[in-house]
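A, B, ... follow the sequence lines: proteins, then strands. Residue 1 opens every chain. Note that the coordinates shown come from a computational prediction; the quantities given were computed from them, not determined experimentally.
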There are 2 protein chains.
Amino acid sequence: MEDKAQIQEAIKSQGEVVRKLKTEKASKDQIDEEVAKLLQLKAKLGGDDGKHQFVLKTPKGTRDYNPKQMAIREKVFNTIVHCFKRHGAETIDTPVFELKETLTGKYGEDSKLIYDLKDQGGELLSLRYDLTVPFARYLAMNKITNIKRYHIAKVYRRDNPAMTRGRYREFYQCDFDIAGQYDAMIPDAECLKIVYEILSELGLGDFRIKVNDRRILDGMFAVCGVPDDKFRTICSTVDKLDKMPWDDVKKEMVNEKGLSEEAADQIGAYVSMQGGMDLAERLLQDPKMSQSKQACAGLTDIKLLFSYLQLFQITDKVVFDLSLARGLDYYTGIIYEALLTQAGVAPVVEAQNGAPGSTEESVSVGSVAGGGRYDGLVGMFDPKGRKVPCVGVSIGIERIFSIMEQKAEACAEKVRTTEVQIMVASAQKNLLEERLKLVTELWNAGIKAEVMYKKNPKLLSQLQHCEESGIPLVAILGEQELKDGVVKLRVVANREEVDISRGDLVEEVRRRTS
Amino acid sequence: MEDKAQIQEAIKSQGEVVRKLKTEKASKDQIDEEVAKLLQLKAKLGGDDGKHQFVLKTPKGTRDYNPKQMAIREKVFNTIVHCFKRHGAETIDTPVFELKETLTGKYGEDSKLIYDLKDQGGELLSLRYDLTVPFARYLAMNKITNIKRYHIAKVYRRDNPAMTRGRYREFYQCDFDIAGQYDAMIPDAECLKIVYEILSELGLGDFRIKVNDRRILDGMFAVCGVPDDKFRTICSTVDKLDKMPWDDVKKEMVNEKGLSEEAADQIGAYVSMQGGMDLAERLLQDPKMSQSKQACAGLTDIKLLFSYLQLFQITDKVVFDLSLARGLDYYTGIIYEALLTQAGVAPVVEAQNGAPGSTEESVSVGSVAGGGRYDGLVGMFDPKGRKVPCVGVSIGIERIFSIMEQKAEACAEKVRTTEVQIMVASAQKNLLEERLKLVTELWNAGIKAEVMYKKNPKLLSQLQHCEESGIPLVAILGEQELKDGVVKLRVVANREEVDISRGDLVEEVRRRTS
């Protein structure tokens with residue numbers, strides 16, 4: 001236990017930190033964080049005045065989901081899971097933490113964002129950073145060479161949260177992957193079909209899916225004269241094309257990465273290209289590009305991919321885009337990313353138009369799904385390095401939640417947080433027992449029903465509860481109804497009332513709420 | 001980086017630890033743990049021979065869920081969630097970790113089982129230990145005074161895992177709680193109704209629900225002459241009656257807790273009592289018990305509770321049992337616990353029959369749900385100590401999973417891990433495009449369908465896949481079928497085949513798999 005005087009000293013100096021930040025007009029996040037520390041210190045002294053002084057907040061970068069948010073979340077998950085199941089996927093689950101070394105060496109620089117658990121004796125543990133590495137660990141550990149699985153779970157990153165833009169330290173990932181040795185591009189095409197179906201069904205507005213191939217990028221860098229050891233770093237600069245105009249990207253390549261202006265210009269010509277199967281065919285004839293075996297392999301696969309996408313009837317939204325260069329090191333073949341293109345809901349910054357930059361706020365808010373082929377990752381876990389080819393897609397669910405929440409707020413319709421079909425009410429006193437009997441009949445018949453936990457609730461407050469929580473029907477009991485063996489069924493929306501024979505009530509409720 | 005020689009030294013001595021344990025025939029858990037440490041040390045040297053040497057395991061006390069386990073888990077959750085929704089519950093979610101101080105002082109001695117996160121700068125965090133404290137924090141933080149919510153999520157305890165008995169360090173809790181100021185015993189009775197419905201619907205065999213009241217226990221202790229400051233410790237000894245015969249419980253009270261033999265015998269007489277409303281009435285007339293105001297308040301509520309349970313038609317499984325004394329400090333009124341009573345599936349040790357003890361293995365394996373009223377917990381979080389009365393129930397879902405898994409293994413029927421209705425197959429070569437076209441038609445119509453990711457799969461391997469994963473139907477395409485505009489629909493179970501016009505296929509699949 002710390003000394004009281006020490007704590008008071010700490011409170012004083014922390015108070016100054018907060019005042020300074022406020023004077024300097026620091027960011028709200030930063031001030032909030034320091035205020036929280038101050039409150040924590042004050043709470044340590046809490047016992048003194050006999051009151052409980054807790055800091056009532058969730059940890060930085062996290063949030064509770066209230067019932068309304070949960071209702072939206074459930075709806076989104078249902079749509080996504082239905083799609084995964086329609087495509088025959090199984091599901092697995094893995095622990096929220098892994099042995100620390102399972103995650104070591106998988107995320108490069110981002111490793112600093114991993115949450116470690118305190119060493120309390122025993123194994124060293126870390127919270128999972130994504131679902132892909134645990135999936136690869138699971139496959140290697142169980143020697144599984146074939147599986148089509150989805151996994152929806154929370155992952156953890158000690159990143160700087162930007163919660164208004166749907167970026168959290170605790171957030172959902174929603175992954176679908178196909179592992180196994182199959183004929184080229186068939187599972188890859190199905191992943192795109194799945195993205196197409198999910199985004200269509202969620203009704204998020206228009207979208208398009210950009211496709212490229214890691215081998216085409218590498219081949220392109222080679223024929224443009226990028227030195228081998230600069231592929232990765234130039235690739236990550238190209239990756240910025242969705243948030244920076246070409247001129248800035250070029251500047252970074254030439255000035256920061258030391259690429260020749262000529263090489264940069266050649267890259268610039270390629271990365272402005274967009275098309276479909278035709279573009280792949282044209283590039284296969286391109287005198288320069290066709291010199292790269294790698295690029296040709298990638299382009300041949302893109303052609304094959306598009307032939308399958310035609311059969312799947314989704315070419316209207318898919319674009320072969322040479323500027324797409326997803327960051328993750330582990331991709332080995334096709335890569336893709338889905339973006340919302342409808343203005344207003346989620347602005348997409350067009351890189352090609354050379355518009356003067358973009359504020360951080362509007363960067364890539366349009367990206368709602370991404371993925372690709374990673375044929376080497378499982379082999380990293382296998383003691384003998386046996387490879388299991390994989391292709392997968394991750395749905396950017398937090399961003400989708402944000403958009404759905406905004407939509408729900410914008411439109412007048414109320415989000416229901418329960419599914420109650422009927423409320424059992426009474427207008428008169430001393431009918432609690434009769435209400436409980438009737439609600440039991442309804443529950444036992446599988447009807448979703450509620451009753452107020454009061455002996456003699458007012459009819460008005462019972463009706464108000466229905467209005468507030470969107471319950472469509474009320475079964476009203478009174479002395480007369482009991483004598484007649486009926487129930488007065490009231491439709492909340494239009495206040496119509498009709499007597500229903502007690503024996504017919506269950507059927508009537510089902511009919512009216514189906 | 002540690003020195004290589006140091007690591008080799010550590011490997012040598014850890015190897016001896018493992019050998020010693022094996023010689024001493026230590027428990028499997030203990031040996032596994034030390035072997036894991038050894039492997040981790042060996043992994044540190046891994047880089048040397050160019051191979052990746054990972055310890056391929058999940059952290060101690062945790063497990064992956066494979067697709068079969070997930071299918072069972074989903075079924076159980078569906079049953080439970082449907083019941084919660086039938087009773088009008090909303091749902092919320094909270095982060096997996098809380099500020100460390102939110103959990104401080106809530107779990108008494110068990111605090112040592114809390115997982116802390118490493119201090120990586122910023123707030124001090126701990127993984128949640130249960131869902132009740134985060135719920136209370138959520139209510140106080142959002143000033144909510146009325147809610148009926150369920151919450152299904154994983155919680156974390158650094159306990160000694162006994163995984164064969166369904167005890168893990170990471171496990172699900174499945175809580176339903178009603179918060180709000182209501183008339184006595186109505187929400188409490190609904191919690192019991194919910195337990196009754198869930199256990200009936202899951203088909204776990206016969207069960208009973210024991211009910212008692214914290215006030216009756218306290219009143220009983222008072223009239224039996226237990227000193228005030230010994231209530232809690234005597235209560236925790238009574239709590240052992242489900243795993244120890246009365247003689248041993250009495251010995252503990254007298255020898256370890258220093259209770260007089262007379263007081264112990266008086267308690268012994270009470271805690272052997274079981275009954276229903278009649279017992280509550282009898283005890284209200286009991287010359288000794290009726291002297292305690294607290295006990296009388298509890299007994300009157302038990303009477304009221306049973307009157308509601310009669311209306312809910314569940315008295316056949318509910319027993320008022322004075323030996324029930326749940327451990328948690330925060331209960332303030334009614335408490336209850338549900339036990340499976342069917343021999344075989346989950347043996348229940350009968351305390352009353354004075355059978356000679358029980359092995360640790362069979363202790364309380366029958367308990368599958370529990371809960372009670374806790375009117376003071378939310379007030380611990382409110383700056384002004386405002387109370388929100390709560391009553392709730394927690395379903396012991398891991399134990400239920402174990403039982404369902406055992407049942408699934410015992411019975412011949414295969415657990416399906418996907419919901420695929422039909423496989424699109426072909427007997428001839430070069431029909432990949434036609435298969436992809438047909439499966440697209442099916443997907444677009446909402447049918448769950450699969451196709452093999454091979455250009456020319458063998459018919460036999462396509463049919464085998466159906467057998468293995470329980471797909472009931474196959475649509476077989478051949479040149480002749482394509483010419484005739486039909487599909488050969490094969491029923492996997494009986495190998496019947498019938499030609500269906502292509503336009504009727506979707507309807508036919510729906511009809512046959514509904």
Side-chain angles (χ1 to χ4, degrees), chain A residues 36 40 43 52 54-56 58-60 62 64-67 70 85-86 88 90-97 99 101-102 115-118 120 122-123 125 137-138 140-141 154 158 170 182-183 186-187 308 311-313 380-381 383 417-420 433 436-437 440 443 448 450 453-455, chain B residues 43 52-56 58-60 62 64-67 70 85-86 88 90-97 99 101-102 115-118 120 122-123 125 137-138 140-141 154 158 170 182-183 186-187 308 311-313 380-381 383 385 417-420 433 436-437 440 443 448 450 453-455:
Chain A
Q40 282 184 321
H52 305 279
F54 294 98
V55 181
L56 277 174
T58 64
K60 182 180 176 185
T62 69
D64 296 319
Y65 284 80
N66 65 34
M70 288 297 280
K85 286 188 174 177
R86 193 160 57 240
E90 306 177 296
T91 186
I92 67 162
D93 195 16
T94 63
V96 82
F97 42 62
L99 296 184
E101 60 175 4
T102 297
Y115 277 100
D116 291 329
L117 269 74
K118 191 169 153 187
Q120 293 169 289
E123 300 160 339
L125 307 173
R137 192 264 307 147
Y138 175 82
M141 182 171 137
K154 287 175 179 174
R158 293 179 57 253
E170 174 186 62
Y182 298 116
D183 282 326
I186 313 177
Y308 296 147
L311 297 170
F312 286 159
Q313 303 169 11
M380 287 178 70
F381 284 100
T417 58
T418 74
E419 299 173 9
V420 176
E433 297 207 348
L436 294 185
K437 260 192 222 169
T440 302
W443 284 333
K448 293 168 188 143
E450 266 193 314
Y453 304 126
K454 297 269 183 188
K455 277 190 206 160
Chain B
H52 304 282
Q53 296 207 6
F54 293 98
V55 182
L56 277 174
T58 62
K60 184 180 176 186
T62 69
D64 296 319
Y65 284 81
N66 65 34
M70 288 298 279
K85 286 187 174 174
R86 193 161 55 241
E90 306 178 294
T91 186
I92 68 162
D93 195 16
T94 64
V96 81
F97 41 62
L99 296 185
E101 60 174 4
T102 297
Y115 277 100
D116 290 330
L117 270 74
K118 192 170 152 186
Q120 295 169 287
E123 300 160 339
L125 307 174
R137 191 266 305 147
Y138 175 81
M141 183 172 138
K154 287 175 179 173
R158 293 179 56 255
E170 173 186 62
Y182 299 117
D183 282 327
I186 313 176
Y308 296 147
L311 298 169
F312 286 159
Q313 304 169 11
M380 287 179 70
F381 285 100
T417 58
T418 74
E419 297 173 10
V420 177
E433 296 205 350
L436 295 184
K437 259 190 220 169
T440 301
W443 284 333
K448 292 167 189 144
E450 266 193 313
Y453 303 125
K454 297 271 185 187
K455 276 189 204 159

Chain A heavy atoms under 4.5 Å from [X]: which part of the residue, side chain, backbone, both or neither?
X	result
Leu436(B)	both
Glu419(B)	side chain
Gln120(B)	both

(message) Can you tell me which portion of Leu99(A) sits under 4.5 Å from chain B's heavy atoms? Options are side chain, backbone, both or neither.
(response)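 The answer is both parts of Leu99(A).
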(request) Output all residues satisfying salt bridge (charged side-chain N to carboxylate O under 4.0 Å, His left out) with Lys437(B), sequence neighbours left out; order by chain, then residue number. (result)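 For Lys437(B) the salt bridge (charged side-chain N to carboxylate O under 4.0 Å, His left out) partners, ignoring immediate neighbours, are Glu434(B).
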(message) Among residues at least two apart in sequence or on other chains, which ones pass salt bridge (charged side-chain N to carboxylate O under 4.0 Å, His left out) with Arg86(B)?
(response)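 Counting only residues at least two positions away or on another chain, Arg86(B) forms a salt bridge (charged side-chain N to carboxylate O under 4.0 Å, His left out) with Glu197(B), Glu201(B).
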Work out which heavy atom in [X] is nearest to a heavy atom in [Y]; give both atom names and the distance.
X	Y	result
Leu311(A)	Thr440(B)	O-OG1, 3.3 Å
Asp183(A)	Pro187(A)	O-CD, 3.7 Å
Phe381(A)	Leu56(B)	O-CD1, 3.4 Å

Name the member of [options] that forms the most heavy-atom pairs with chain B at distances under 4.5 Å.
options	value
Val420(A), Ile92(A), Leu125(A)	Ile92(A)
Phe312(A), Tyr308(A), Tyr453(A)	Tyr453(A)
Asp93(A), Leu117(A), Ile186(A)	Asp93(A)

(request) Answer yes or no: is there an ion pair linking Glu123(A) with Lys60(B), defined by an N-O contact shorter than 4.0 Å? (result)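 Salt bridge: no.
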